[in-house]
Every structure is written in C-alpha cells, then in structure tokens.
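The structure displayed is predicted, hence computed values, not measured ones.
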Amino acid sequence: MATEPKDENEDLEQYDSIMPVDAPFEDGFNMKTIWATLFVGLVMLPGAIYLGLVTGQSMAGASEWVTIILFLEIAKRSFVRLKTQEVLVIYWVAGGLLGIGVRLGSTALVYGGPFGALVWDQYLIQSPAAEGLAKYIPDWVVPPIDSPVYAERTFINAVWVKPVAILFAVLLLINTAKLALGYVMFRITSDIEQLPFPLAPVQARGATALAETSAKQEGWKWRVFSTGTCIGLVWGLLYVVVPTLSSIFLTDTVQILPIPWIDFTAEIKTILPAALFGIATDLGHLVIGFVLPFWVVVGSFTGAVLGNLVLNPILYKAEILTRWSPGMTAIPAAISNRFDFWLSFGIGTSFVIAVTGFYMVIKALLEQRRVQRETGEHTVSVSLEDLPKGRSDMGMFYPLVLWTLATVGFIILCQFLVPEFHWGWLVFFGFIYTPISSYIGARMIGLTGSPYGADIPYLREAAIFLSGYQGVAVWFAPLPLHDHGLAVRTYKQMELTKTKFVSYIKLTALTMVVIFIFSFVFWEFIWRLGPIPSSTYYFVQTFWPFDATMQTMWLKSTLPAGETQGAVGLELLKGIIKPNYIAAGFATGGVMYLLLALLKAPTLIFFGFVGSLAGWPHYVILQFAGALLGRYYFSRRFGESKWKAYAPILLAGYYCGMGLIGMTSVSVVLISKAVSQVVF
C-alpha cells in the first residue's frame with residue numbers, strides 16, 4: 001500500500017472528499033445495469049448460496065466488487081467508461097440480489113434470496129427441535145410433513161403455490177414500504193438534521209476508486225483497493241479454496257483453518273466453567289475492526305470478555321447456570337447459558353438500549369429546537385428548492401401515501417392468514433411503532449453508522465402473548481414490524497456519489513423480479529444435490545440446530561390449551577424468562593450508561609458493551625485486534641486523515657478478493673456435483 005499520493009501537491013482534503021462539489025447528479029441505471037443484474041443472477045447467485053451454506057459468509061460484500069471489476073474489464077476492452085454512478089448502482093444491484101432470505105422470527109442466516117427462507121422452513125419442520133409442531137404449522141408456510149417434496153427435495157409441486165405466492169407478496173410490500181419510508185427518514189436525518197453518517201463512505205469510496213480505473217486514472221484509491229483484494233485472495237485460498245475443492249478430490253474434507261472458528265470452550269472447562277471462548281478464522285473480522293467506530297469495538301470486546309470469561313464462571317458457581325455441563329462446545333454451551341440467564345438479562349439490557357435511543361433522539365430534537373429559537377433559523381422548513389439540484393427529490397406526500405398503502409397491504413394479508421390475531425396489534429405495529437423505530441434506527445445510523453437502539457426488545461413476542469393467541473401460525477405471519485430506517489444508508493451513499501435517487505427505485509424493481517426467479521432456480525438445483533443441512537454444508541450443520549432450538553422455544557409456548565407440548569413449552573418459557581434477571585439487566589445497563597455519561601466517556605462504548613455481553617467472543621476478538629492496529633499503528637504511519645479514507649476501501653478490496661477466489665472454487669464444486677448427478 002502506498003503511503004503517499006501520486007501527486008506530491010495533492011492536498012489532504014482529497015481524502016475527505018468523494019466527488020467534486022460541482023459534479024452534477026446522474027442516473028446510474030441503464031442497460032449496463034441490466035446486464036450486470038443478469039450476470040449476478042446467473043453466475044454469482046449459486047456461488048453465494050453454496051458459500052453461505054459451507055462457510056456462513058455472505059457474498060453480499062464480495063460479489064458486488066467481483067461484478068464491478070468484471071464489467072470494468074469488459075468496458076475497457078470495449079472502449080467504454082463506467083461512471084461512478086453506474087458503479088454504485090451495479091454494487092447495490094449485486095448486494096440486493098445476494099442478500100439474506102430468512103423467515104421472520106428466526107436468527108438463521110440463509111443467503112441467496114427469498115427462497116432461502118423456504119429452505120429454512122423445510123428444515124425447521126423436520127428438525128428434532130420441532131418435534132410435535134408439524135401439525136400446527138399451516139400449509140401457507142411450508143407443505144405438510146407427510147408431503148413427498150421433502151423426500152424429492154423440490155419446489156416444483158403444487159403444494160408450494162401458497163408459500164411462494166405469499167413470499168412474493170411480502171417481497172413486493174416490504175420493498176415498497178422501504179423505498180417510501182426510507183426516503184422520508186433520509187430527508188429528515190440528512191437534509192434537515194444534517195447528521196454525519198460515518199460509515200456511508202465505505203461503498204461510496206470503493207465506487208469512486210473503481211470509477212478511477214475505468215477512466216484509466218488510477219490513483220491512491222485504486223492502489224488501496226488492490227492491496228485489499230490481494231489480502232482477500234491469499235486468505236481465501238486458505239479459508240475457502242482448500243476445504244471446498246478437497247471435498248471433490250479427496251475422500252475427506254481438509255480444513256487448514258476450522259470454519260467458522262477455533263473453539264476452546266470445551267478445553268477451558270476446568271479453569272473457566274460455563275465460559276465461551278474461541279477465535280474466528282475469517283480475517284474479514286480483523287479488517288472490519290479497521291472501519292467500525294473504535295469505541296464501539298472497545299465496548300464490544302469488553303462486554304464479550306466480561307460476560308463470557310468472567311461472569312459465566314461466577315454465575316455457574318452461584319448455581320445460576322445449571323444447564324451447562326463439562327465438555328460442552330460453544331453451541332450447546334451458548335444455548336444452556338441463554339436459557340438459564342442471558343436471555344432474560346439481555347431483555348433488560350436491550351430495554352436500556354431502546355430507552356437510550358429514544359432519549360438521544362428526544363435530547364437532540366430539543367437541542368435543535370433551542371438552537372432554532374436562539375438563532376431564529378427553522379431548518380425543519382427545508383423545501384424542494386433548498387435541496388441539491390438534480391437529486392430527483394419529490395414532495396413528502398407521495399412516499400407517505402405509498403408507505404401507507406403498503407402497510408395497509410400488510411395488515412390485510414396478516415388478517416387473511418391469521419384472522420384470530422387481533423387487527424389492533426397490526427395497526428399499532430404498522431402505523432405507530434414502525435415509523436418510530438425507523439426514525440430512531442435512521443438517526444442512529446446517521447450518528448454512529450449502526451442502528452443501535454432502534455427496536456424495543458421482544459415487542460413482537462410480547463404482543464403475541466398479550467393478545468391471547470393460541471397456535472403457531474402467527475409466528476410465521478408477515479407482521480408489519482419493520483425498521484425501514486436502514487434504507488437511509490443507500491440514499492446517503494447515492495447522494496455522496498452524485499447518483500439520482502430514481503436509480504434506487506429502478507434497481508429495486510429490477511432486482512426484486514430477478515432475485516425471485518433466479519433464487520427459485522438455484523435453490524431448487526442445490527437442494528436437489530443433497531439434504532440441507534448435511535455434512536457437506538458444515539456451517540449450517542453447526543448453527544441451524546441452535547437457531548431451530550431458539551425459534552421453537554417460542555412456537556411451543558402458544559400451542560392450544562390442553563396440549564402436552566403447549567404446556568411443556570409454556571413451562572419452559574416461564575423457566576427461561578425470569579423477571580428478576582430482566583430487572584437486573586435493566587439496572588446494570590442503566591447504571592453503566594449513567595456512569596459513562598458522568599465520566600463524559602464515549603457513549604458508543606455502552607452500545608457495544610451491552611450488545612455483546614451474551615454474544616460470541618470469537619468474532620469480537622479479531623475486531624478488537626483490528627481496531628487497535630488501525631488506531632495505534634496504521635493511523636500513525638499514514639496519518640489519521642489518510643487512514644480513515646484507506647480503511648473502507650481496504651475492506652471493500654478484501655471482500656472482492658475473497659469473492660473472486662471463492663467464486664472460482666465454488667463454481668468447480670457445483671459443476672462437479674451437477675455432472676455426478678447426471679452420470680449416476
């Protein structure tokens with residue numbers, strides 16, 4: 001990585017700017033974008049699905065850069081230049097196509113579009129954790145357990161018509177609501193409140209770096225991006241290529257580095273009983289530590305170490321962690337510890353995060369009003385004339401109408417699917433809580449880069465219990481409980497790269513159709529190759545039983561009265577949700593926040609701390625190491641201003657390198673397995 005810019009007279013301000021101030025806004029959606037969309041759907045999506053099942057890695061973050069680089073090389077040889085706006089739109093097209101598809105209420109990660117949710121559902125209904133629940137799960141969620149589709153492993157059967165139709169309806173409604181309410185939240189947080197959005201430049205700087213090379217004007221951005229790509233290629237060779245290709249050419253899979261982590265939980269049982277400890281083996285977490293706010297990482301590391309290595313042994317000695325037994329590895333130990341203590345304690349600390357989020361928003365709004373009174377300025381009255389020219393803005397009325405229609409659609413759909421669930425809760429979720437949660441989430445993204453404090457914990461679960469509903473259907477229903485504030489990230493990045501907002505609408509419509517078609521095609525293909533999960537897909541084989549256990553805990557708690565399973569499930573939940581532990585979590589979180597406020601310490605420590613107390617320390621350790629390297633070595637070597645500009649591009653390059661090497665090996669595997677299916 002070069003330590004100096006190519007031009008000796010370059011001013012350091014270049015590291016803070018992304019696009020020239022006087023650059024016009026341009027539409028990044030055109031035929032190039034459409035070709036990129038088809039390429040991602042046909043070539044990248046199957047690799048993303050397979051890689052997610054094997055390693056748990058999301059190709060959303062790698063495939064975007066792979067797609068862009070390929071199109072850049074094609075464009076160069078065709079004497080065509082890709083503009084920054086086109087590069088960014090292609091990035092978001094790839095990201096939208098390869099995002100997570102998972103059922104509401106589940107923590108399982110399933111990459112590769114909406115049909116991933118149906119693959120998870122077919123596992124859940126057959127899993128040991130869901131024993132006895134199959135007869136209560138409606139056929140609009142997943143076919144009955146006695147259906148032949150499970151033996152044939154196929155979606156091509158009439159029994160899938162209802163689940164697929166509902167899946168598409170939900171996809172249409174949620175995209176409409178996200179575009180509309182997300183735009184409103186962006187106008188409030190960016191144009192009116194003018195929040196800094198610290199993590200928005202990650203993709204924006206990567207896009208400008210690649211646009212530079214398209215114009216054959218490679219500068220410092222391209223050099224940093226190339227450095228990250230090389231790191232990703234080398235690490236991907238060890239982490240992805242060796243285990244992936246060895247499964248074809250050898251009788252046993254060879255892993256130089258265990259996926260997803262090196263776990264020491266069982267080895268430290270005598271020294272630190274009930275403690276969770278290990279180190280993740282994906283170098284990406286180290287690079288992420290370069291980019292995340294330093295004090296968030298410090299708080300996360302402190303919380304993970306204190307919670308897992310200090311408090312867990314103390315709680316075990318105090319006979320609070322009673323389900324843990326020596327010899328447990330990380331997954332069963334985490335389940336037992338959460339059931340005994342951390343789930344209840346985490347509810348309490350999550351309430352503190354929610355209250356803190358509300359408090360910060362109200363405080364900022366009051367301060368803004370005070371400044372307005374003193375200065376006589378009223379920034380709330382920002383009109384279309386005051387906005388950047390050419391950004392393709394519109395009045396607030398139209399997006400609010402679209403969001404209202406989408407929310408009404410959610411309410412009607414839920415009432416049709418689960419008429420026993422009172423419509424009043426749906427109205428509350430859709431028209432009261434969702435806009436409040438979206439605003440808080442958008443504001444926290446604008447302040448910290450992450451949506452801390454955006455959700456009231458377990459609101460959905462509490463509403464289902466308070467409604468008196470009996471059954472399991474409502475746990476799968478598409479309740480209008482969303483945080484559309486996340487869309488402000490995309491709007492902000494488009495503003496930074498001078499991309500018209502209408503491009504976002506076009507790319508969302510295109511990707512919604514393309515992802516639905518290609519997700520069906522390739523999930524059908526991969527599911528037919530073998531059961532999911534299985535020993536072939538060692539990441540999901542490790543984590544999905546844990547996720548199924550946590551989800552079925554809630555399902556069993558609302559079974560009809562008189563059912564043995566329901567009584568057992570309700571008793572289990574009563575034994576897990578302990579009011580005294582919830583109160584302890586709320587008190588602990590509140591005292592910590594007040595203490596940090598009195599000491600005038602960065603409050604970002606608090607958000608990281610309480611969010612990782614019961615989390616996996618395996619990932620946080622690498623992130624903390626990256627944060628220390630970035631702050632105390634690279635910042636001093638390159639200068640703070642340069643390093644802040646370098647780090648996001650380095651991360652983008654790393655994902656690109658991992659994507660390139662990963663897609664190459666995964667394509668070999670898919671071709672090999674497809675051929676073997678045909679031969680035998």
Side-chain angles (χ1 to χ4, degrees), residues 45-46 48-54 56 98-171 417-418 471-478 515-556 565 670 673 677:
L45 187 61
I49 295 172
Y50 192 88
L51 202 62
L53 294 172
V54 173
L98 303 182
I100 297 175
V102 70
R103 176 68 63 185
L104 182 66
S106 170
T107 59
L109 297 179
V110 187
Y111 301 107
F115 276 82
L118 300 184
V119 174
W120 161 256
D121 289 336
Q122 65 82 26
Y123 163 72
L124 181 68
I125 197 173
Q126 301 178 83
S127 67
E131 185 179 357
L133 291 177
K135 62 181 179 181
Y136 299 105
I137 299 178
D139 62 354
W140 52 262
V141 175
V142 69
I145 191 66
D146 58 355
S147 173
V149 296
Y150 298 111
E152 298 170 1
R153 299 194 302 275
T154 181
F155 289 117
I156 305 176
N157 192 298
V159 295
W160 284 108
V161 171
K162 286 184 183 179
V164 171
I166 292 169
L167 194 65
F168 185 78
V170 171
L171 192 65
L417 297 176
V418 194
V472 302
V474 73
W475 295 103
F476 299 95
I515 184 59
F516 202 82
I517 296 172
F518 287 125
S519 179
F520 162 72
V521 170
F522 289 115
W523 271 113
E524 168 75 12
F525 172 71
I526 291 175
W527 191 21
R528 281 184 180 238
L529 292 179
I532 303 175
S534 66
S535 58
T536 304
Y537 310 115
Y538 26 84
F539 180 86
V540 295
Q541 189 179 34
T542 300
F543 273 96
W544 278 17
F546 169 80
D547 296 320
T549 300
M550 300 305 295
Q551 184 171 350
T552 54
M553 174 191 72
W554 298 104
L555 300 182
K556 293 176 181 178
Q565 279 277 73
L670 292 179
K673 292 198 173 187
Q677 288 280 324

>> Test of understanding: with ring pair (Phe, Tyr, Trp, His ring centres under 6.0 Å), list the residues that count as partners of F520, not counting sequence neighbours.
In response: F115
So do [Y] and [X] actually touch side chain to side chain, heavy atoms under 4.5 Å?
X	Y	result
P531	Y150	no
I526	L53	yes
T552	L124	yes
V418	W140	yes
F516	L167	yes

Tell me which donor-acceptor pairs under 3.5 Å the side chains of residues 154-162 have, and how far apart each pair is, sequence neighbours excluded?
from: T154; atom 1: OG1; to: I156; atom 2: N; distance (Å): 3.0
from: T154; atom 1: OG1; to: E524; atom 2: OE1; distance (Å): 3.4
from: T154; atom 1: OG1; to: E524; atom 2: OE2; distance (Å): 2.7
from: T154; atom 1: OG1; to: R528; atom 2: NH2; distance (Å): 3.1
from: N157; atom 1: OD1; to: V159; atom 2: N; distance (Å): 3.1
from: W160; atom 1: NE1; to: T154; atom 2: O; distance (Å): 2.9
from: K162; atom 1: NZ; to: D139; atom 2: OD2; distance (Å): 3.3

> So which heavy atom on Y123 is nearest to which on P533, and how close?
Replying inline: CD1-CD, 3.2 Å
From [X] [atom1] over to [Y] [atom2], what is the distance, rounded to the nearest 0.5 angstrom?
X	Y	atom1	atom2	result
E152	W527	CD	CH2	9.5 Å
W120	S127	CH2	OG	7.0 Å
F476	I137	CZ	CD1	4.0 Å
I166	L417	CD1	CG	4.5 Å

> Under 3.5 Å, side chain of Q551 to main-chain N/O of A129, donor-acceptor pair present?
Replying inline: no
> Sub-3.5 Å donor-acceptor pair from the side chain of Q122 to the main-chain atoms of L118, do we have one?
Replying inline: no
> Which residues satisfy the side-chain contact (heavy atoms from CB on, under 4.5 Å) test with A134, sequence neighbours excluded?
Replying inline: I125, I145
